[in-house]
Each structure stands twice: as C-alpha cells, then as structure tokens.
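Below is one structure, written out as structure tokens; comments come after it.
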Amino acid sequence: MNMKKLKIGLIGAGNIANAHLEAYRKVSDAEIYAVCDINPERLSETADRFGIGRRYSSVDEMLAACPELDAADVCVWNCNHAECTIKALNAGLHVLCEKPMAYNAAEAEKMLAAAKKNNRLLMIGFVLRFSDDARIAEDIIRSGALGDIYYSEAQYVRRHGNPGGWFCNKALSGGGPIIDLGVHVIDLTRHLMGNPHPVSVYAVASDKVGKRPELKTHAAWMPKGASDADICDVEDFASALIRYDNGAATHLITAYDFNGEERAKRALYGTKGGLDLSGGVKLYTTTNGFLSDVNLLTKDYKEHRDMFEAEMAHFVDCALHGTECRAKAEDGIVVMKILDAIYESARTGHEVLVK
Ligand SMILES: NC(=O)c1ccc[n+]([C@@H]2O[C@H](COP(=O)([O-])OP(=O)(O)OC[C@H]3O[C@@H](n4cnc5c(N)ncnc54)[C@H](O)[C@@H]3O)[C@@H](O)[C@H]2O)c1
C-alpha cells in the first residue's frame, strides 16, 4: 500500500488558511510541511497554532528552502493568487488556489497555461461543490428528476456583513460581493446545470449602503484587524442575469449590507422538477399526478463530512493518485469571465457578451 504523504506548503496564513489547516488535520495523507506569509504576526500566530516549524516570509523563500514540497495551497488576497500560483506551478508543485481563481480572467488564463506547461494539477477552491447538499443535488439531477434545467437562482446576501479590510480594497480584492460571494453561487449553480457556456451578462451594481458603522447591531464577517476607517471602494450590492449557450439563465443577487432577508439561496428549475438548496435539499416535484414537496434527509447521505475536509481530501487524492479533479481551473476561468462581464455590464449599463 502506498503510504506517501503529500508535502504541502501553505501560502498565506490568514483566516481561510486556518480553516484549511483544521481540515488537513483530518486528511491522513496530508502533511503541512511549510508555511509562508508576508505578515510576520499572522505567520507566527498560525504556524504556532498548528505546530509548523518551517516558516518563511515569502513564497520565493519557501520554494527555495523546500524543494521537497509536492503541493501548495494558495490562501492569499485575490490580487496575489496568480503570482503565487504560477510560482508554485513553475516550481513543479500541484496547487489548490482559493476562490476566486484570480483577480480577473486574463490572470486566470495565465495560471492554467502554467499548470499545463508544468503538467501539474491546478484545483480551484470551490468549496460549495464539496457540501453534502451539492452531492445530493448532483445525484438527483443525474437521475433526471429535474428534466431540462432552464433557470437557476444564485443568491448570497448578507444583512450586515461588509467585511472591510482587504476585501473592500479593490486593488487587493478586485471587487466586493460579486467576486467574493457571487463567485461561490455562480460556480455552484453553473456546475449543477452541467457547466453550460456563458454567452452574455446584464448587471447592475451599487455602493449606496456602505458599511453602516452607525448601526448598533454588530457587523458580522469583519476579520481581525479590519476597521471602519479602511478603504472601501467596492460595490456592496449587485444583481445580474447570466445567459448560457443552452438557453438557460441564472439570476444572481449578492450583497454585503442589505435591508432584506439574509440568504444563501441556490435553486434550480427544470421541466420536471425544481431543487432548492437553501439550507438542506428540497425537491419540488409531482407524485402520481399531485404536486409534492420532498425534503431530503441530507445527514444520512454517505458520511457527513465538513466541506473543507472533503475539499482538502479531494485535492490530496488528486495530487497523490491522479484522481480526476472536481473543481478544475477551466471552470475557474469561465467563472472569472462571468465576473469580469458582470463588472463591465454594471459599469457600462449594457449587456456584455462573454467569449
Ligand atoms: N472558500 C471560502 O469560503 C473563503 C472564505 C474566506 C476567504 N476565502 C479566500 O481566501 C483568500 C484569503 O482570504 P482570508 O480571509 O484568509 O484573508 P486574510 O487577510 O485573513 O489572509 C490572507 C493572508 O495572505 C497573506 N498574503 C497576502 N499576499 C501574500 C503573498 N504574496 N505571499 C504570502 N502571503 C501573502 C496576508 O498577509 C494574509 O495574512 C481570499 O482569496 C478569499 O477570497 C475563501
């Protein structure tokens, strides 16, 4: 039996890196071998917490010091995804890169080219694909229970959750909830619709609400170190219609601060049935000629694992055993093209064609 462990170098030691590290602890053939971060405090805090001895102040330093690494996990700000990923691929490592794949589609294309040139795996951190709900939805869709899926709703709306910090600094993030939250639900709905190719996008976006520091209700999602004084030059709301080449469409709504219900709705509508993934799985169908609603018992489905654990386990499996990747860079590029088109349409007020 092959007992080799995958030696992973973590690039970026912030919030999501900590979630990844917790998950890797449960993946027996993963070894967190080294970590780097440009922020010395975050570096030592995370490395101390997880007992990682090899710690470096830059990607270059880590790659030079640890030629024995097999893989890298990129958990840095969006503006640095491409640079860190390409450096790791060129050093011969397999890479898992957090969502969004990059700052824009042009950078994402360069990342895929580097993966191909070096014949390495490049997986994108579309963690929602690894939820139990998504796996149940895939199963139901495969059975044909929805028929032809012609429409989906992709909603990721926070009531009072403008994170501030780097998330709201466009130079570092690329944008607000569109690229931060919308990316998750656009990818998941498109994936469940069978990965149709986008043809056009029509969108609106605004920044009318802002951070609302005057509210007495505490803002959720604000990371350590973020403050109301930080730059905030991103949108806080967007709505978009994404049209696909098979005639299907997705309606996106996403917001950081919104005077409406907080929601994470993913719903698919087909000729035979509909599926709602807004916390659990509900099938709208017919039974013996009657309309019927079926709530599926998700916890009984296979072993109920944490999404991040399932994602990390899959990355390690793909890197070690060549298993086919369930969150490919090619999909990351298509999603980046949709995101770019949403920003362009919102800016110009016109429908934007996606090539
Ligand atoms: N999958 C999810 O649900 C999810 C959730 C949160 C964040 N994310 C993604 O994870 C990434 C990081 O977000 P976060 O919340 O952890 O941010 P964070 O600020 O907490 O952590 C990012 C860390 O990267 C470091 N860094 C930046 N550039 C670097 C570079 N070139 N080399 C080394 N270190 C560098 C920063 O110093 C920081 O410590 C983002 O791309 C974000 O979109 C994903």
Side-chain angles (χ1 to χ4, degrees), residues 9-23 34-47 49 52 55-65 72-88 91 95-104 107-108 111 123-131 134 156 158 161-188 220-227 230 234 254 256 264 306-312 314-315 327 332 335-336 339:
L10 194 73
I11 305 178
N15 285 333
I16 207 65
N18 276 264
H20 287 206
L21 287 166
E22 286 291 350
V35 58
C36 68
D37 197 298
I38 52 175
N39 178 330
E41 281 163 28
R42 298 305 290 274
L43 178 64
S44 45
E45 200 183 311
T46 298
R49 183 175 304 131
I52 309 166
R55 42 184 90 173
Y56 305 94
S57 61
S58 72
V59 186
D60 293 330
E61 211 186 299
M62 182 177 83
L63 294 176
D73 183 342
V74 175
C75 295
V76 300
W77 307 319
N78 303 344
C79 64
N80 292 335
H81 282 193
E83 185 190 356
C84 293
T85 297
I86 290 169
K87 281 182 175 171
V95 176
L96 169 62
C97 177
E98 254 302 344
K99 53 54 61 174
M101 180 168 172
Y103 195 80
N104 54 37
E107 285 191 354
M111 292 159 72
M123 173 170 154
I124 309 305
F126 290 134
V127 71
L128 292 188
R129 291 189 182 203
F130 295 89
S131 66
Y156 201 151
R158 291 180 185 162
N162 188 318
W166 72 268
F167 282 101
C168 290
N169 181 339
K170 195 170 181 189
L172 302 180
S173 63
I178 296 171
I179 195 166
D180 180 29
L181 309 180
V183 61
H184 277 300
V185 285
I186 292 169
D187 174 67
L188 185 67
W221 302 100
M222 223 164 160
K224 212 162 87 182
S227 98
D230 294 337
V234 298
T254 188
Y256 275 158
D306 167 79
M307 295 193 281
F308 282 106
E309 186 193 340
E311 182 190 351
M312 304 313 142
H314 181 68
F315 173 60
V335 173
M336 286 313 307
L339 298 176

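Values in this document were obtained by computation on a predicted structure and should not be read as measured data. When a ligand or atom number is given, it counts from 1 through the structure's own listing order.
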Review point. Can you check side-chain hydrogen bond (donor to acceptor under 3.5 Å, both in side chains) on Arg42 and Asn15, steps first, answer last?
Key: CA-CA 9 Å; Arg42 298 305 290 274; Asn15 285 333; 3.3 Å; yes
Exercise for review: Begin from the C-alpha positions of Tyr156 and Val183 and carry the test side-chain contact (heavy atoms from CB on, under 4.5 Å) through to its verdict.
Suggested key: CA-CA 10 Å; Tyr156 201 151; Val183 61; over 6 Å; no
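At the top of the distance list for atom 43 (O) of ligand 1, counting protein heavy atoms only, stands Lys99 O, 3.0 Å. In this structure, the protein non-hydrogen atom closest to atom 32 (N) of ligand 1 is Ile38 CG2, 3.8 Å. In terms of protein heavy-atom proximity, atom 2 (C) of ligand 1 is nearest to His184 NE2, 3.7 Å. Given atom 22 (C) of ligand 1, the protein heavy atom at minimum distance is Cys75 O, 3.5 Å. If you check which protein heavy atom lies closest to atom 20 (O) of ligand 1, you get Asn15 N, 2.9 Å.
Interatomic distance, Arg129 CZ to Met307 CE, rounded to the nearest 0.5 Å: 14.0 Å.
Here is the list of ligand 1 atoms found below 4.0 Å of a heavy atom in Cys84: 31 (N). Close approach to Asn78 involves these atoms of ligand 1, each under 4.0 Å from a residue heavy atom: 40 (C), 41 (O), 42 (C), 43 (O). Atoms of ligand 1 lying under 4.0 Å from at least one heavy atom of Phe167, given by number and element, are 15 (O). Ligand-side atoms of ligand 1 in range of Gly12: 24 (O), 34 (N), range being under 4.0 angstrom from any heavy atom.
For the pair His81 and ligand 1, a heavy-atom separation below 4.0 Å is found. Using a non-hydrogen distance threshold of 4.0 Å, Pro100 registers as a contact of ligand 1.
The option from Tyr56, Trp77, Trp166 that lies nearest to atom 17 (O) of ligand 1, judged by heavy atoms, is Trp166. Closest heavy-atom approach to atom 14 (P) of ligand 1 within the set Ile16, Asp180, Val59: this belongs to Ile16. Atom 44 (C) of ligand 1 has its nearest heavy-atom neighbour, among Glu45, Glu83, Arg42, Glu98, in Glu98. Compare Leu43, Val76, Asn80 by their heavy atoms: the one nearest to atom 11 (C) of ligand 1 is in Val76.
Residues meeting the side chain to side chain contact (heavy atoms under 4.5 Å, CB included) test with Glu107, sequence neighbours left out: Ala82, Ala102, Tyr103, Asn104.
Between Asp37 and ligand 1, a contact under 3.5 Å exists for at least one N or O pair.
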